[in-house]
Every structure is written in structure tokens, then in C-alpha cells.
Amino acid sequence: MEYNFNEIERKWRKYWADHKTFAAEDNSAKPKYYVLDMFPYPSGAGLHVGHPLGYIASDIYARYKRLRGYNVLHPMGYDSFGLPAEQYAIQTGLHPKITTSINIDGCLDENGEIKQEFVNPDGTIKDEALIVKSEHVRITDPNYQDNIIKGYRNQLDKIGFSFDWDREVRTSSPEYYKWTQWIFKQIFNSWYNVKTDKAESIDSLIAEFEKNGNAEVKAVSEFANTFTAQEWKNYSEKEQSDILMEYRLAYLADSWVNWCPALGTVLANDEVINGLSERGGHPVEQKLMRQWSMRIKAYAERLLTGLETVDWTDAIKDMQRNWIGKSVGASVNFPLWRGNEGEDAFDSAQAPDHSIEVFTTRPDTIFGVSFMVLAPEHPLVDEITTAEYKDAIEAYKTAASLKSERDRQADVKNITGQFTGAYAIHPFSGEKIPVWIGDYVLASYGTGAVMAVPCGDQRDWDFATHFNIPIKNIFENVDISEGAYSEKEGTIANSDFLSGLPIKKAMAVAIAKIEEQGLGKGKTNYRLRDAIFSRQRYWGEPFPVYYKNEIPYLVDDAHLPVELPEVDKYLPTEDGEPPLARAEKSAWKYSEGDRMEYNTMPGWAGSSFYFLRYMDPHNENEFVSKEKADYWNQVDLYIGGSEHATGHLLYSRFWCKFLYDRGYISFDEPFKKMINQGMILGTSALVYVLKVEFLKSINNSKDWKLESGLEIVIPESIALKIKNSEFKSDDYKYLIDNLNKVEISESFNSKKFDLEQYVIDQESIRKENLRSSHINVSLINSSNEYLIEELVSWSTIMFEDMVFVPNTFGKYTVHNEVEKMSKSKFNVQTPDELVEKFGADTLRMYEMFLGPLEQTKPWDTKGINGVHNFLRKLWRLFYSEGNVIVTNEPAGKESLKTLHKTIKKVEEDLERFSFNTNVSNLMICVNELTEQKCHSKEVLEQLVILLAPYAPHAAEELWSEALGNPAGTVSTAAFPKFDPEMLVEANTVYPVSFNGKMRFNAELPTAFSAKEVEDAVLAMPEAQKWLEGKAPKKVIVVPGKIVNMVV
RNA sequence: GCGGAUGUGGUGAAAUUGGUAGACACGCUAGACUUAGGAUCUAGUGCCGAGAGGUGUGCGGGUUCGAGUCCCUCCAUCCGCACCA
């Protein structure tokens, strides 16, 4: 039997599917283990080799846990709502659900032929079936299959994952989003009780309002008014609804949102990167809109402390801590000075009726305050600005509002601000403090106002220095003439009751005094903002909400799911309403009230609880039964990318805590352990393109006339010279000479260029005219060369009109760059072709063999042969010339030692997720057994089990065919038991070193004591050679390990 | 600026607690074999040196009998956050 991997793998994939080998049991005497992958968004481009990396690791671990006797839940599904399907829908009118199903299920039938429904009558393949749309492919093209969407499921299946496919979920299916809507309803119907520190039913709040009003209520809410029970009862329904909205955990509010005009939607903070949308890179602006939000701020502290209980990397934990951004300090009120201009003394008759509340993390520096700064958007600005400064303030505000968030951030170095003419009163010293506005103060953080302490904060220092505001030094023996002192070590001075106190003590004393005098209170602030939950898009979950008289109401559970209505177009309406506003009332399967909610939920809604739905995916009455949630409990191992650190991973923790508070599940952290797989980078191929101007000689004279430009592809060496401004006349000559040698393409000639009459304008050979352009990596050979004809036919539009200059060896080569794999960089490697060539088992092992899972690593197929050859070598332990050569004879001592050494290492390495070293453990084992000519069933059977998680198809085949076991059972066989006795040796080889340098090995009886080892080694002639006859100063013997002599 | 991670042969990497640095593979060199196969087998491969030997884990220092591993200073690369009071 040959190692015919294609056939073997097909056979076992079918076997597993037919026998549901990997179905998880909901009730089992076995201990449970939940291994989860971050489910993918199914894009038409399909999987590249980077995607399955994490899936392979989790699959190996899941298979390992099954061998260890666990009942393993290892599901897979699709995060199938999202932008690309919708954007394709906008362009083509094709319903996103069709695109989505194509991307998942693909366009090929069981025999690998294209399904008829995707072929036009004229033999061309429909656009929606193609990876690159609008590239006309005919079914008669020999390689037409390379261009059509194979579907995630097909691609995943070929890699041999042990998913329990009966539990698949798709967030865009109504059966699934019914529960997304249901959970939204629960969040809407909850408030956060600070007294119990958890979410509670809104009914308990209403009951309290009816009984006592809101005086005693301590909730996470911005609502500042108080009302009595009687007042509550007298409120209209609308008023009651509005008040409750201030308490609900899912609420409607006018909020400043990240509005992306190009996408026509609102984005969450984590979807905005440097002022541009994460998807598409479009500009994002701030806009005030009525939006659904989630009161995630209520959970800020618990999201922070919960991190202590999970086994995640510090990198991710720190990102979340950073994002939550807790800072402890105090809020302090600075009364406004209401005296007349020119009056210095505080006049109690003109008592201040306003004060400015600031948040500070440094209450100890309060006596260092020499001015205050408000954000330009601060609501008090207009009120306090004096007549004299009105115009200047208006001008500054306008300028600030015109600056986008991005500009404001980019412009950190520029210090700007404007005095308002108003003063505040220092709460302790009574001094007059000028009030400024400045855009370094953010309206959205803290109170939007700061007390400026230039001696202790660099930004305040810069501001004070720039505007010549006095700087008061309140630190003992610290020089602040060159900059602020922001350390938290030292002693406070010039500060009344704080003078002489160490900084840390002074903080506590200052807060106590502030509270005692009623000037403010100790306070903790979080950078985390409530999460906007509305999107103005079609392809998302509809809200289970309708409006009657502008009051939002929830749709009754009996009518869930509220299904997406059909619309004529997937664009906003002319009035700027979201696409759902296009739906006629009749288009809604269910509608009520004046209108339904037109927004849809964001992408993170469906992904925030999918790990719970897998536990009970077909339950029609609950999103998960309590019983099953209790059984499966937390995800034991979660594998996925770190790019979700502040998105999905934060939101799902939030929902999990919420569901825990409301009693639906009994754990409040979803993912017990998480591993973040590193990115696999692709090798890109780039050519340098130089845009040059040509000069034309007029009538063959010395007069030159500038002609239109031309792009030439130049060799890297020349490009680098241009880049570094080292381009010399020799290089120019080289270009000209070689340009003339080039066989000018037809199109070039068609422009009637006659090179004899043209010269390149040297002026145009500049860095600015040089760019590099990605070309498809499949166009280059192993020496990085490409053929011009192939390049031009690959992208006619780009390269048709170009002239190519070879390098000094006459070759056309590309420049390599290692970067993220992406369609636009043409450096994508798909797993399919590798599976075809080497088999899934080889691909699985090779991806693991590349390096540590967490590490970013470049993809390189060169090494794949090594892994493939390993499997072939393994095969030869079982088969020779087509015959099984496994024997029942007992194995030799050496072979047993090899086996048990391997069992130990495989187990240890799997437990610490060191998949790469485990591949080499298996290689070493096979190398040794081959050398030992071991064909003993006793050993090989155990080896096959060790191998099964990595190369499951090959393992199954060897298990049943070569070893004669019943089919399929290697997946549920028992993991071999390590026997330490097998490794015991009579002798131990001691490396003997002198002054720490290893010189020779000494083989000595294992039973020797340290003293015996020392004596034996000293007696050796080699030792005497290194000691040069002298006695060693000291001898260190670590029994079983090493001998070191100090000379 | 803050936080995190990483730095080891020509390449991917290994060395789990301080104990023979470079396992395992790729590549390369030389050879063998053959039904020419992305085959198999043998030997070699950090660097310098003919050899003895010397030297070597980003740089510099320290602790230790012994440091890739622990401590300090610095450098480089990558990732995240960034006027957060």
C-alpha cells in the first residue's frame, strides 16, 4: 500500500461524517472540555493558509482531549452578518443572504463540478459564483474552478477538522438571531443596581419608583433629577418611558457617534482607526444622532477585575485594561468668580451660582492650580465668556469644530487655546483662576474640564509656558524650569495643609479634605464609553422594537424572530433613513405600532453569545437551557486572533456577565483560557515603476519638447538609487541603453513614440515619481523572475503600456516583501492547492511545524516536503512493497524506550500548547524506530495514537488497515500511558566541564553517588589533561546532570 | 509618550525549572542507488582555524561553579493605545 493521501483522506472524511464520530454528548459520565475557535466571517475570497492555523491547533487539542477521555465540544459556525455581502448587494441587487450562502456552501457539487444554477445559458459563470467578480470566466475554461467560490465549508472539510457540524450556527439565520433579539430584550429590560452591583430586571426599578420614587435608587445612570412616587405615577407614559430609558442597559439616546458618510453608518470606537473606518479606510466624523447604546460602562470595574480570573496573555489583558482606562482621583468643584472685572477680592454678595466640575487624578497638586481649561464644546463656555472675549472664543470654537478628530490628534504639538475672560475661585485658597478653553481637553472624558497644574503636568506646563501663565511650584526641591515634574515620588510644598506630606499621602489627605468641605468627592473615571448598538445598514439583526407615538416598545417573544424585510434597494432612503425604512409595512413578516425600528444591530451582537448557543443550538424555547449551560460551562480553550481584543472579546464578556446577573448562566467569564495565534505573513512580489517624462527633439534639432509621461518598470538596484538620491549619470545611461534594447510593446509603438527621437527627461527621475506595485506571486519563479508576457496578460490594464528594463544580468526580477496576506497584495496562499499536492495531514503538521502558535511567522512552502517525507517515512514502518510488515513480536528495549520517551514529550508539549516541538518529537520517534527497524505492533499501535491528533487521516488508515483494529476508533482510543521504568538506564552520560566549558563526556553508572561520580571523573585521563596535574579548586556534581570543575 | 511582545546558524526554529547552545526540519556540499521519484540511503554543515584549539544566543555590564535563560543600562523590530487630566 502506497501512502495515497488523497484517497485515504477522502475515505476518512466520509467515514467521520457518516458516523458522526465527533458529535459531542450533552450528557456524559466523562469530564467535559470545550474547545472553541473564533468563528469566521465567510468572505468570498475564502480561506488562505493563515485562517486554518488556529483551527488546526484547536483541532489537535480537541482530538487530544478526546483521547484523554474527555467529552469534547468542538463546534464551528459563521459570523455571517456584515458589510461585504451588503456592499455587493448594493452594487448588484443580489440579496445578501444569497451571497452569504454561496460563500459558505460554495458553488461546487459533490463531484467537484459547478452547480448548474451558477452557469448562464451562454456558458459563462455567474458573477456571484466568482471570487473576483466581473472577471468573465467560461465553464469551458480549463482552470475555471480556480476562479469560483468553493465555500468555507468545503475548504474547512478538506483539512479534516473534528467539528461537530450538527451544532453549526450562522448569525444571519432567523433561528439564530431570534435569540440575539431575545437577549437584546433582556438587556433593554434591565438596569444596573449599584447597591447589589449587578443587573436587575427593570420591573424591580419600576416597583421602587412606584413605592419611593428614585431618591433611594443607586443606579448606573446619567439621570440627575429626583422624583417621588407620586410624581412618578403622575408622569405620562412618554415621560415614564423617557425616564426609564435613562436607566435601561440598552437605551436610546442622542449621542455623539462616529459617523462614516461613505459607509452610511455609525461605527463603534473600536471600528475606527486613526479617524478612518476599519473597513475601507473611509473618513469618519462626529455626529449627534439618536442611537441605541449598551451601558457597558456599568460593567467597567467588573470587566477589569474579571481579567484576574482568566488565563489570557498579558498583551490582551493590558489592551483591555487600557481600553477600559480606569483612573482614580477626585472630582472637585471650582466656583465661578462673579465679581466685576478689576475686583480682586471675593465678594460674597455676588455669590457664585455656577461651578466648574473637574476631574483630577492628582488632588494632591490642587494648590498648584494656576488656570483652568475647558473643552471647546463644554456647555458652560458660552455662559461664562465675557463680552470682551466673545468673538475670540467663537472663532476658536469654530476652528476647533472644523478640525476632525484625526486632525486634532495629529496636531498634538501645536498648543492652542483661548482665554474666556472668566475666572474661577480656588476652593481652598480663594484665589482667582483664569478659565481658558483649549482643544487638548476632551469633552468626552471626565467632566470635559481640567484644573491645570503646570508644575505637575507636562501639557499644562506647555500651555502655561506658551501663554505666559504663571507656574507655581508645589514640589519640595524639584526644578520645574525645564518641564513639569510628573513623578509620584516626592514631597508637597507651598500647599497649606498638604505641605510637607509625601505625594501619595497628600492624595488621600486632599480627597478627605475635599469631601469634608463638600467641594467634591473621590471618584473613579473610566475611559470606556457606552457602546453604540445601532447601525444604519440592512444586513444585520433587526431590533425587536416598534414605535407607537414615538415611544419604543418591545415585540412580544411570541413574534420573534422579527425577520429582515425585503427591500427594493440596500441603500439609505432619500431622507437619510436606514435601508429598512424602505420596507413597506407589508414587507415585514411582523410589524406593530406606527413603525418598526429601522436600525439594525452591529456585527458584534451575534458574536457576543454564540459560544453559548453551540451548547444547545436547536433549542426553540431558550437561547440555551440552564442545564446545558451548566454542563458545558465556560469555554475551556479559546483560540483566535488578538485583533478582537477590544471588540468581540470585551463585548462577549459584557454579555456573559449580564446573562450571569440575570440568572441565565452560572459563570460570568466566557473564556477561561485563550491563545492568540500569530499572523501568517505572505511573501509579496513587487516591481518598481518609474513615471518619466520624455523629451522630444523637434525636427532632429537640439530643441527638445516635453512629451507626455510614460511608466517604465525598472530593476530594484536602480530604484534604490533613486530612492536614496544616488542616481548617477551611469545609471541614466544604463536606463537609456536598455530602454532601447527593449522590444517595445505594440501599444507603445501605437503611440508613435520613436525612441531615437526621444530622451528621458532627467528631471523626472525623482523619488516622487517612483512607486512599487504588487504583482501576483504565482507569476514569479523560484529565482524571483517573471515573464513580461505573463505579467502583461495578468493585468493588461496596469502593465500594457509599460516598458520593462532588465537588471544587469538581463533578468526581470521582483523585490520581495514579507507582509500580511491579502487579496490586494496578491500574495495569498490557499490551503486547497497544498491539500491537493501533499494532503491535509501534511498541511496540518506543516502549519504546526512552522513555529510557535502565538508567533507571527512568514509563510514559506519550501519546508513542507520535510513534513510530507516524514509521513512517507512513517508509512514505511508499516508497509513494504505494498505489504503490511507489522509484526506481533515483542518490541526491543530500545524501541520501547523511544516510544515512552515520545509519549512523555508529546503529552508534556500538548499540555503547554507547544505544537511545533511536538511535530519534531514525532519525527524523532519515527527516525529512531526506522533505525531500529522496529515493526512491532506493540509500539506502532501506540505511535499511531500519538500521531492521530496531528495527522488524523493517516492515523485512521494505519490503525484500521495496517494494524487491523476496528475502523474509526483511533479517534476515541485511549492515549498511551507513559511508563518511566522504560527510560531507566544502567549508565548515565555526564558532560564534564571545566570552568563551565564542556570538555568531554563520561559514562558512569546511574547509581553512583555524587562523591563516586567525582572520584570516577577525577580518575579519568581526560580530566587530568584539563587539570594539568593540579587539583581542582572545587568540583560541582549535579547527580544525573552534569559535572563542573573549577580550576 | 505609555503599555505589551520579540531579537539565537544561510532559513523556519529548539533548549519547560540557570546545567553539553543550535534538537527537528529546510537549504547547501560530497557520495551511493535506481523502474528518474517533488523518491531513498550514507557522510558533512554556527563562525575562525590545516589541526590542537579558539569563539559564539542584538550591544555593554552584573550575579553565579555555571547564564540564551536571572538583574541593570542601551539598541533594533513588531503590535496595541495615545492630548484620558
If the [atom1] atom of [N] is compared with that of [M], how far apart are they to the nearest Å?
N	M	atom1	answer
rA67(B)	rG31(B)	C1'	41 Å
rG19(B)	rG66(B)	P	14 Å
rC33(B)	rU42(B)	P	15 Å
rA32(B)	rG18(B)	C1'	45 Å
rU69(B)	rG62(B)	P	14 Å
rG1(B)	rU11(B)	C1'	37 Å
rA25(B)	rA76(B)	P	38 Å
rG68(B)	rA23(B)	C1'	15 Å

If pairing requires Watson-Crick or G-U wobble contacts with both distances under 3.5 Å, which nucleotide is the partner of [N]?
N	value
rG1(B)	rC81(B)
rU63(B)	none
rG38(B)	none
rA43(B)	rU29(B)
rG51(B)	none
rG7(B)	rC75(B)

Under-4.0 Å side-chain N/O to phosphate OP1/OP2 contact, [X] with [N]:
X	N	result
R876(A)	rC41(B)	yes
S327(A)	rA85(B)	yes
N869(A)	rU40(B)	yes
R912(A)	rA15(B)	yes
R527(A)	rA82(B)	yes
Q855(A)	rA13(B)	yes
N918(A)	rC24(B)	no
N916(A)	rA14(B)	yes

In whole Å, what is the span from the [atom1] atom of [X] to the [atom2] atom of [N]?
X	N	atom1	atom2	value
I1042(A)	rG18(B)	CD1	C1'	11 Å
K873(A)	rA25(B)	NZ	C1'	12 Å
L853(A)	rU6(B)	CG	P	14 Å
F359(A)	rC84(B)	CZ	P	12 Å
L922(A)	rA23(B)	CG	P	18 Å
K904(A)	rU16(B)	NZ	P	12 Å
M319(A)	rC84(B)	CE	P	20 Å
F849(A)	rC24(B)	CZ	P	10 Å

Margin query: Check E833(A) with K837(A), please: is the shortest side-chain N to carboxylate O separation under 4.0 Å?
Written below: no
Residues R321(A), D318(A): salt bridge by 4.0 Å N-O rule:
yes
What's [X] touching, base or sugar-phosphate or nothing? Going by heavy atoms closer than 4.0 Å.
X	value
I1036(A)	base
D460(A)	nothing
E854(A)	nothing
P852(A)	sugar-phosphate
R999(A)	sugar-phosphate
V1038(A)	base
W461(A)	nothing

Exercise. Examine the side chains of K873(A) and N927(A) and answer whether a donor and an acceptor come within less than 3.5 Å of each other.
Key: yes
[X] vs [Y] aromatic rings, parallel, tilted or perpendicular, using cut-offs 30° and 60°?
X	Y	result
F334(A)	H426(A)	perpendicular
F978(A)	H900(A)	tilted
F371(A)	F463(A)	parallel

Of the candidate nucleotides [options], which contains the atom at the shortest distance from the side chain of [X]?
X	options	value
D318(A)	rG12(B), rC24(B), rG3(B)	rG3(B)
M998(A)	rG80(B), rC83(B), rU20(B)	rU20(B)
R872(A)	rA39(B), rA25(B), rA85(B)	rA39(B)
M923(A)	rC83(B), rU55(B), rA25(B)	rA25(B)

Under 3.5 Å donor-acceptor pair, K837(A) side-chain atoms to rG38(B) base atoms |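 Yes, a donor-acceptor pair under 3.5 Å.
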**Asked** Below 3.5 Å, does any donor atom in the side chain of N1044(A) face an acceptor in the base of rC65(B), or the other way round?
**Response**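 Counting by modelled atom types and ignoring angles, a donor-acceptor contact under 3.5 Å is found here.
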Shortest non-hydrogen contact between Q1024(A) and L1018(A), atoms and distance
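What the structure gives for the nearest pair is NE2-O, 2.8 Å.
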**Nearest non-hydrogen partners of I366(A) and P427(A), listed with the distance** =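 Here I366(A) and P427(A) meet closest at CD1-CG, 4.3 Å.
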Q: If the glycosidic angle is within 90 degrees of 0 it's syn, otherwise anti, so just tell me which one rG9(B) is.
A: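 Nucleotide rG9(B) adopts syn.
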Per nearest nucleotide of RNA chain B, the residue lying toward the 5' end, T856(A) or R362(A), is T856(A)
Walking RNA chain B from its 5' end, the first of V450(A) and K862(A) to be reached, judged by nearest nucleotide, is K862(A)
Taking the six-membered ring of W323(A) as reference, does the NZ or CZ atom of R653(A) fall below 6.0 Å from its centre and within a 45° cone about the axis?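 No, cation not above the ring by the 6.0 Å, 45° rule.
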